[in-house]
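A short worksheet on the structure shown next.
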Protein chains: 2
Amino acid sequence: MEEKSISDIIEEYLKQILGESSQIEIRRSEIANHFDVVPSQINYVIKTRFTIQHGYLVQSKRGGGGYIRIERVNLLDNVDVLNSLIQAIGDSLSERDAYDIIRTLYDEKVLTRREGDLMLVALSKQTLNVNDSNAESRLRARILISMLNRLRYES
Amino acid sequence: MEEKSISDIIEEYLKQILGESSQIEIRRSEIANHFDVVPSQINYVIKTRFTIQHGYLVQSKRGGGGYIRIERVNLLDNVDVLNSLIQAIGDSLSERDAYDIIRTLYDEKVLTRREGDLMLVALSKQTLNVNDSNAESRLRARILISMLNRLRYES
DNA sequence: TTTCATTTGACTAATTTTGACCAAATTTTA
DNA sequence: TAAAATTTGGTCAAAATTAGTCAAATGAAA
């Protein structure tokens, strides 16, 4: 018999509810109370078992009426292309390389013209306007990678 | 979305009335009384949910016969409103305000879902990852304004 | 034993709710 | 008409209500 940790049990519980609707909203303290654990354990479960790599999107709100929302998302077909591009970018990216990548994605019909244009202006030297040229390239890389990661799935 | 806080419920109520006519006039104390909250909570709801970033204009008058007027404005074909939006961004923009603006543009069908999502991740705190919080907000403002202008002057 | 995962709790951050006090416009009264 | 009273809405900050972070302690596995 496998000895399940309480984290495993909470994961199972959440996934069971997620089986009924593709999106759930929970109150952290309620779940914590239900399983008799400290509230931060819910964060632990989410961080280790409901990541985007697992196919889940998580959003939350604090304060009165606060919640944690977990949504199951569909991974798309282009994942391989995107992954290899993300690898190639690394942690630094020139404006020219950004253009080439976006152009490629447009040619591959991963992006529409408008999407590509929006991405390009966001990555332009003029927009970023960072003093240090290395910092600028690193920032450009971070932004493009984030956008490519976003393209890997849909809600 | 599950509405939970009383502020959410008041927001929903006002938007429902706004669905019938594009402009409403309310008496603050009446609404407060109706939902059994202090009057200033109405100000809170308006300040957090009916800003120009959300696509609303608010005017009010004090004294006898006083009112709060909320008007739904159209960002699509009203150049002035779009300008005031860009002006409201100024040179600094929080992640929350960015979300509100992009959400509004999506609701107005200026953006597709995918375009909005791409813009949001590009503007997220995590992506920008700037040490100085002021610098981060200024960068966020530059990027969003660039993207908005790109949409604006599109052929 | 060493390493990795889980559990806990103290501290932090964001959002909403409440109430005391302020300001403006109108109405009443002198 | 001028002052006073009344009727509205505005501001701001404290309190209350959620969730997030991080690292120490504990447990499990290799």
Side-chain angles (χ1 to χ4, degrees), chain A residues 1-14 24-54 56-71, chain B residues 1-14 24-51 53-54 56-71 93-100 103 124-126 129 131 133-134 136-137 140:
Chain A
M1 272 302 154
E2 64 284 356
E3 321 79 48
K4 280 183 184 147
S5 69
I6 186 67
S7 286
D8 290 333
I9 294 171
I10 295 171
E11 172 191 8
E12 217 168 56
Y13 173 76
L14 295 176
I24 62 176
E25 270 181 21
I26 61 174
R27 177 146 298 157
R28 188 179 75 155
S29 58
E30 265 180 19
I31 304 294
N33 204 55
H34 186 278
F35 291 99
D36 197 30
V37 297
V38 296
S40 62
Q41 178 136 17
I42 309 306
N43 295 86
Y44 175 74
V45 171
I46 287 173
K47 208 170 68 177
T48 54
R49 294 151 161 87
F50 291 89
T51 66
I52 187 62
Q53 285 80 6
H54 291 101
Y56 296 92
L57 219 49
V58 178
Q59 297 171 295
S60 65
K61 199 174 101 176
R62 306 184 193 187
Y67 57 79
I68 298 178
R69 179 188 306 150
I70 305 177
E71 183 187 2
Chain B
M1 161 141 63
E2 254 176 70
E3 309 288 341
K4 280 171 181 169
S5 68
I6 186 68
S7 286
D8 289 332
I9 293 169
I10 295 171
E11 172 191 8
E12 204 174 59
Y13 174 76
L14 295 176
I24 62 176
E25 271 181 21
I26 61 173
R27 177 145 299 158
R28 187 178 75 156
S29 57
E30 264 180 21
I31 305 292
N33 203 54
H34 187 278
F35 290 100
D36 196 29
V37 297
V38 297
S40 63
Q41 178 136 19
I42 309 306
N43 296 85
Y44 175 74
V45 171
I46 287 172
K47 206 173 70 181
T48 54
R49 293 151 162 85
F50 291 90
T51 66
Q53 286 88 345
H54 291 95
Y56 297 91
L57 282 182
V58 178
Q59 298 170 298
S60 65
K61 203 177 98 175
R62 307 185 192 189
Y67 58 80
I68 298 178
R69 180 187 303 148
I70 305 176
E71 184 187 1
L93 181 70
S94 71
E95 196 171 5
R96 174 62 187 266
D97 282 342
Y99 174 82
D100 290 341
R103 174 62 196 249
S124 76
K125 183 181 190 63
Q126 187 176 11
N129 189 34
N131 288 325
S133 145
N134 284 337
E136 175 194 315
S137 294
R140 182 177 294 114

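The analysis underlying the following values was restricted to heavy atoms, covering all of them including side chains, and did not include hydrogens, waters or symmetry mates. To find a chain, count down the sequence lines: A is the first, B the second, and so on, and within it residues start at 1. Please read all numbers here as calculations on a predicted model, not as lab measurements.
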Partner set under salt bridge (Lys or Arg N to Asp or Glu O under 4.0 Å) for B:E25, not counting sequence neighbours: B:R69
In whole Å, I'd like the distance from the [atom1] atom of [X] to the [atom2] atom of [N].
X	N	atom1	atom2	result
A:E25	D:dA19	CD	C1'	13 Å
A:I31	D:dT18	CD1	P	14 Å
A:I42	D:dT21	CD1	C1'	15 Å
B:I6	D:dT17	CD1	P	15 Å
B:K4	D:dA19	NZ	C1'	12 Å

Atom [atom1] in [X], atom [atom2] in [Y]: separation rounded to 0.5 Å?
X	Y	atom1	atom2	result
B:R27	B:I31	CZ	CD1	10.5 Å
B:L93	B:Y99	CG	OH	14.5 Å
A:Y67	B:K4	OH	NZ	8.0 Å

Please output the side-chain donor-acceptor pairs of residues 39-51 of chain B that fall under 3.5 Å, not counting sequence neighbours, one pair per line with the distance.
unit_1, atom_1, unit_2, atom_2, d
B:Q41, NE2, B:S7, OG, 2.9
B:N43, OD1, B:R28, NH1, 2.6
B:T48, OG1, B:Y44, O, 2.8
B:T48, OG1, B:V45, O, 3.4
B:R49, NE, B:E11, OE1, 3.0
B:R49, NH2, B:D8, OD1, 2.6
B:T51, OG1, B:Q53, N, 3.2
B:T51, OG1, B:Q53, OE1, 3.0
B:T51, OG1, B:H54, N, 3.4
B:T51, OG1, B:H54, ND1, 2.8

Looking only at non-hydrogen atoms, find the nearest pair between B:S5 and A:G64 and report the distance. CB-O, 3.8 Å
Set of residues satisfying side chain to side chain donor-acceptor pair (under 3.5 Å) with respect to B:K61, sequence neighbours excluded: none
List the residues meeting side chain to side chain donor-acceptor pair (under 3.5 Å) with A:E30, not counting sequence neighbours, and say none if there are none. none
Going 5' to 3' through nucleotides 6-11 of chain D and flagging B where a protein heavy-atom sits under 4.0 Å of the base, S where only the sugar-phosphate is that close, and - otherwise, we get -BBBBB
First and last nucleotide of DNA chain C touching chain B, 5' to 3', heavy-atom cut-off 4.0 Å? C:dT15 to C:dT26
Would you classify B:R69 as touching base, sugar-phosphate or nothing, given that sugar-phosphate means primed atoms plus P, OP1 and OP2, and contacts are heavy atoms under 4.0 Å? nothing
